[in-house]
Amino acid sequence: MDKYSYEVENMNLWYGEHQALYEINMKIPKNKVTAIIGPSGCGKSTFLKGLNRMVEMVPGVKVAGKIKYNGEDILNPNYHPEELRTKVGMVFQHPNPFPKSIYENVAFGAKIQGIRNKSKLEGLVEKSLKRAAIWDEVKDRLNTSATGLSGGQQQRICIARAIANEPDVILMDEPTSALDPISTLRVEELIQQLKEHYTIIIVTHNMQQASRVSDKTAFFLNGELVEFDDTDRIFSNPGDKRTEDYISGRFG
Amino acid sequence: MPTRGHFSEELKDLKADIRTLAEDTKHALQKAITALHNSDVKQAHQIIEEDKRIDKKEEEINERVMILIAKQQPVATDLRRLIIAIKITTDLERMADHAKNISKATIHLGEDHPISIHPSIKEMAEVAFDMVDIANKAYEHEDISFAHKLSEMDDIVDKKYGEMIKELLELTANNPDQIQYLMQMAFSARYIERFADHITNIGEEIFFLIKGRSYDLNE
């Protein structure tokens with residue numbers, strides 16, 4: 001139980017009549033980066049959003065099976081999702097800082113949780129921005145608007161905002177697809193540093209990115225988990241021909 | 001529309017060029033053995049000259065592979081295809097060097113040396129020619145069923161080489177005046193033996209391509 005952040009067992013998911021995920025079984029190791037790859041519509045984002053139950057915001061969605069987070073089944077009707085909301089952070093494709101100052105963005109979660117102590121909040125903001133590798137760039141303008149930063153900086157602010165809640169998992173849904181190559185590489189470097197403290201699960205269309213940043217890679221196709229293995233193996237000698245075709249770009 | 005069509009074409013062209021280089025290498029050895037038998041010093045000089053073209057071809061192939069890796073960012077089997085393209089080409093270049101070395105021995109021996117060419121030289125070379133054909137076919141079809149055959153054939157070459165060296169040693173003891181000639185003969189045998197080793201390497205490279213892990217055919 002200690003080794004895995006998530007143990008997904010026989011997960012099936014439907015959007016109304018349409019089944020989007022079939023019998024997913026996957027153990028996601030702690031303090032590692034797990035990449036999820038696959039063509040559009042393969043179910044990878046759906047799967048990611050299942051891990052924090054965000055997918056339930058879609059009307060008509062139905063999930064079956066077990067999704068154990070730290071050993072507890074989050075699909076159990078008695079499970080309280082509050083813990084998920086604080087312990088599982090999420091970063092999206094487009095940086096979405098609040099139209100507030102940098103400081104307010106990062107302190108937001110803590111304030112909602114009722115923390116008012118100024119020095120405590122300041123310490124949290126500084127620590128989070130440092131971990132998100134953006135402190136040096138913004139420390140002199142914490143009270144300026146986060147929306148005035150570059151896209152790459154905004155994304156790292158969003159990562160800092162996620163970190164400030166002291167999560168143990170960070171879900172990332174194509175976190176660099178809207179960023180330029182240099183900002184992308186910065187975020188990738190950051191992901192490598194973050195895994196010391198957090199479990200990272202990243203959905204990406206960029207296969208080079210998956211191969212660069214992740215320890216494990218899962219390949220989804222048509223709602224099925226085709227292959228889940230060490231990234232080194234997936235990109236050098238995958239077991240399934242469909243995986244090989246996809247990562248080699250020989251697809252469709 | 002299929003993806004990666006252009007890249008697949010480039011891989012195909014690359015393979016065709018490497019297969020041609022393998023043929024050229026085999027011809028170089030064939031000519032070198034003929035020149036050795038005929039004490040054809042002129043032909044030997046020509047083989048040495050022609051080796052420059054093979055060296056150049058190796059450089060050209062390596063450069064093409066480097067550009068393909070940089071631009072196409074291949075993974076898995078595609079990546080192994082390109083890595084073994086470099087390795088096979090390196091082996092072929094070394095093989096051609098051995099044909100060149102035999103030609104140098106032919107030049108050292110001169111046009112009217114007193115010894116006869118040991119029959120094992122030709123026998124070893126014949127096996128090596130067949131090995132090139134087999135390796136070339138294995139590479140064309142990416143088929144490892146041929147690879148073990150190469151290992152068996154290499155054993156034959158090694159055995160003949162060992163026996164021949166033993167005989168040459170005895171000959172040198174009894175004919176000390178012919179040592180310089182017998183040495184050239186021993187060198188030539190050694191070059192063929194090394195030539196065959198490189199073909200066995202190519203078999204291992206094809207194995208690596210298909211299986212994704214290393215394999216020692218010499219074990």
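So you know, we letter chains A, B, ... as the sequences are listed, proteins then strands, and number each from 1.
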> Within a radius of less than 6.0 Å around NZ of A:Lys32, do more than 12 heavy atoms belonging to other residues, nucleotides or ligands occur?
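Not more than 12 within 6.0 Å, no.
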> Listed by residue number, which members of residues 70-99 of chain B have a heavy atom under 4.5 Å from any heavy atom of chain A?
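Within residues 70-99 of chain B, the residues that come under 4.5 Å of chain A (heavy atoms only) are B:Gln73, B:Val75, B:Ala76, B:Thr77, B:Asp78, B:Arg80.
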> Is a donor on one side and an acceptor on the other found under 3.5 Å between the side chain of A:Arg250 and the backbone of B:Arg4?
no
> Would you indicate whether A:Lys195, at its atom NZ, is surrounded by more than 12 heavy atoms from other residues, nucleotides or ligands within a distance under 6.0 Å?
yes
> Just checking A:Lys66: does its NZ atom have more than 12 heavy atoms from other residues, nucleotides or ligands closer to it than 6.0 angstrom?
no
> Any residues in residues 7-21 of chain B near chain A, with a heavy-atom distance under 4.5 Å, and which are they?
B:Phe7, B:Ser8, B:Leu11
> Is there any residue in residues 229-246 of chain A with a non-hydrogen atom under 4.5 Å from a non-hydrogen atom of chain B, and which ones are they?
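Near chain B, by residue number: A:Phe235, A:Ser236, A:Asn237, A:Pro238, A:Glu244.
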> If the contact rule is any heavy atom under 4.5 Å from chain A, which residues of residues 133-140 of chain B qualify, in numerical order?
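The list, in residue order, is empty: none.
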